[in-house]
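Below is one structure, written out as structure tokens, with a few remarks after it.
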Protein chains: 2
Amino acid sequence: MIERPHLSFELAVDLVVCTVRGAAFEVLLVERGVEPYLGRLALPGGFLRAGEDLIDAAVRELAEETGLSGLDPYLEQVRTYAAPDRDPRGRVATVAYLAILPDLPMPTAGTDAAGARWEPVRRGGLGLAFDHDRILADAVEQARRLLENTPLATAFCRTEFTIAELRAVYEAVWGVPLDPRNFHRKATGLPGFVVPTGEMRSPPTGRPAALFRRGPATALYPPLQRPA
Amino acid sequence: MIERPHLSFELAVDLVVCTVRGAAFEVLLVERGVEPYLGRLALPGGFLRAGEDLIDAAVRELAEETGLSGLDPYLEQVRTYAAPDRDPRGRVATVAYLAILPDLPMPTAGTDAAGARWEPVRRGGLGLAFDHDRILADAVEQARRLLENTPLATAFCRTEFTIAELRAVYEAVWGVPLDPRNFHRKATGLPGFVVPTGEMRSPPTGRPAALFRRGPATALYPPLQRPA
DNA sequence: ACAAAAGTGTTCACTATACACCCATGC
DNA sequence: GCATGGGTGTATAGTGAACACTTTTGT
């Protein structure tokens, strides 16, 4: 190890954990229990530990904050924030990760998740601590873009899902209504996007819907373009 | 300042400086003059200084490495790399930036740029130091994607350019031939992409071409999709 | 029978592609 | 004139939005 005369940083990972509940696009937030920004809402996150890569820390924090184990979440890096004054405690750089979960029941006691709650994503921001409104906005924009080009939407759904559920994800995240009939054709026609399981599921009323799983595709071609 | 029991990092910025020269998509590399990886090619970059944000460091490094002043380069964050063993000197996290320049003559003496040179981007990587092959691949993929959705291609051109020059950028970066006639119509027809200056430029032989500047658009809609 | 939701067929407008053709210059 | 590259017109195929219509269930 040679001399290192450079600035020293702490490195954190912040999570933008998203889901769709009902018709709402929501994000997981925690109430801060320590200064600075005591009592304010913030994105869950924490510092890297020895031997950890960024993705390791993101996976660990996600498990801690949700209290859920054995998830196979979609996790993708968004970008890094390191403005000199972004944290009053000193120079802290944070790497934001986008995490996508299906609408699962969350443990509410005995874990870090006790202080966590879902909030609907609103334009104009949520008044979060630090620069977390900006981070949230960047992550949301990335999620909206990924819905166009990747099978990300399937990560919002459980293992088996109907086309109507998949469409609800697009409508909630993009905030626009889509034609159910045309969406059905596009989704089932895109190579590798979804594969039928052969099973059916009956809604409260109406014709049963075919069930699908996510397909092998890692990119959607052609993309599912959102309306102008 | 309260106690901070966490891991300490050095934070670097690495640049993927791209241009199109002739028909080739090229990247700026430097030969390392110190250990580790002495003598190997690497991406230009350096550590953050006190008071600097990431983008400040990227702009400063770009000016230092190219020896060019007064550029208004396109600069965009790619992603961050922080694997525990990526730098043998210790824990160094690096934030990669994509920089796009037109094909300019580079100073070759008296500056850091003396040790810099352009190399064509090849599939399979260039055998760079550290994890720079991976960083380069990620940045190149980002550039290819941005050509579809943003006016990024204009950043590869000088202030005034012909449609044929713009097309050469797409062909070089995507590595595919495009129909000159259809490309002309698309590029001039996309709202806010390019605006005619009214001037003309004569090629060595053939009809003079109209000159354009980049337009006000920040996104291309509909996107200029690359062929499957 | 009726309501509700799933899924298919069809129309029509628009867009992309291929390529014939014309234009403006240097030699 | 001829070669060369710039730019326009046009036929054709393909794609996407709108929506009528059929299917399959629960009550």
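We name chains A, B, ... by the order of the sequence lines, and we start the count at 1 in each one.
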For residues Thr94(B) and Asp14(B), is any side-chain donor paired with an opposing acceptor at under 3.5 Å?
yes
When rounded to the nearest 0.5 Å, the distance separating CD of Gln225(A) from CG of Leu147(A) is 13.5 Å
Quick note, salt bridge (charged side-chain N to carboxylate O under 4.0 Å, His left out) partners involving residues 143-154 of chain A, not counting sequence neighbours, are Glu148(A)-Arg226(A)
For Leu224(B) and Lys186(B) the tightest heavy-atom approach is CD2-CD, 3.5 Å
Shortest non-hydrogen pair, Leu98(B) vs Cys18(B), comes out as CD1-SG, 3.9 Å
Across all chains, not counting sequence neighbours, the side chain to side chain contact (heavy atoms under 4.5 Å, CB included) partners of Asp131(B) are Tyr81(B), Arg86(B), Ile135(B)
For Ala63(A), the side chain to side chain contact (heavy atoms under 4.5 Å, CB included) test, sequence neighbours excluded, returns none
Residue set satisfying ring-ring contact (aromatic ring centres under 6.0 Å, His included) with Phe130(A), at least two apart, ordered chain then number -> Tyr37(A), His132(A)
With the criterion being N/O to N/O and under 3.5 Å, what pairs connect the protein with nucleotides 22-27 of chain D, and how long is each?
residue : atom : partner   : partner atom : Å
dT23(D) : O2   : Arg207(A) : NH1          : 2.9
dT24(D) : O2   : Arg207(A) : N            : 3.2

So the side chain to side chain donor-acceptor pair (under 3.5 Å) pairs with at least one residue in residues 187-205 of chain A (sequence neighbours excluded) are Glu165(A)-Arg201(A)
Per the under-4.0 Å heavy-atom filter, residues of residues 146-173 of chain B near DNA chain C come out as none
Check: Under 4.0 Å between a Lys/Arg side-chain N and an Asp/Glu carboxylate O for Arg60(A) and Asp56(A)?
Finding: no
The correct set of residues in residues 209-217 of chain A placing a heavy atom under 4.0 Å from DNA chain C is Ala209(A), Ala210(A)
Smallest heavy-atom separation, Val20(B) atom then Ala168(B) atom, equals CG1-O, 4.4 Å
Contact check, residues 174-196 of chain B vs DNA chain C, heavy-atom distance under 4.0 Å, returns Asp179(B), Arg181(B), Asn182(B), Arg185(B), Lys186(B)
With Val27(A) as partner, the option from Leu128(A), Val17(A), Val16(A) fulfilling side-chain contact (heavy atoms from CB on, under 4.5 Å) is Val16(A)
Residues at least two apart in sequence or cross-chain that pass side chain to side chain donor-acceptor pair (under 3.5 Å) with Glu119(A), listed by chain then number, are Arg117(A)
Span of DNA chain C engaged by chain B, first through last nucleotide within the 4.0 Å heavy-atom cut-off, is dT17(C) to dG26(C)
Residues 202-223 of chain A vs salt bridge (charged side-chain N to carboxylate O under 4.0 Å, His left out), sequence neighbours excluded, gives Glu160(A)-Arg213(A)
So CG of Asn149(A) and OG1 of Thr218(A): to nearest 0.5 Å the spacing works out to 11.5 Å
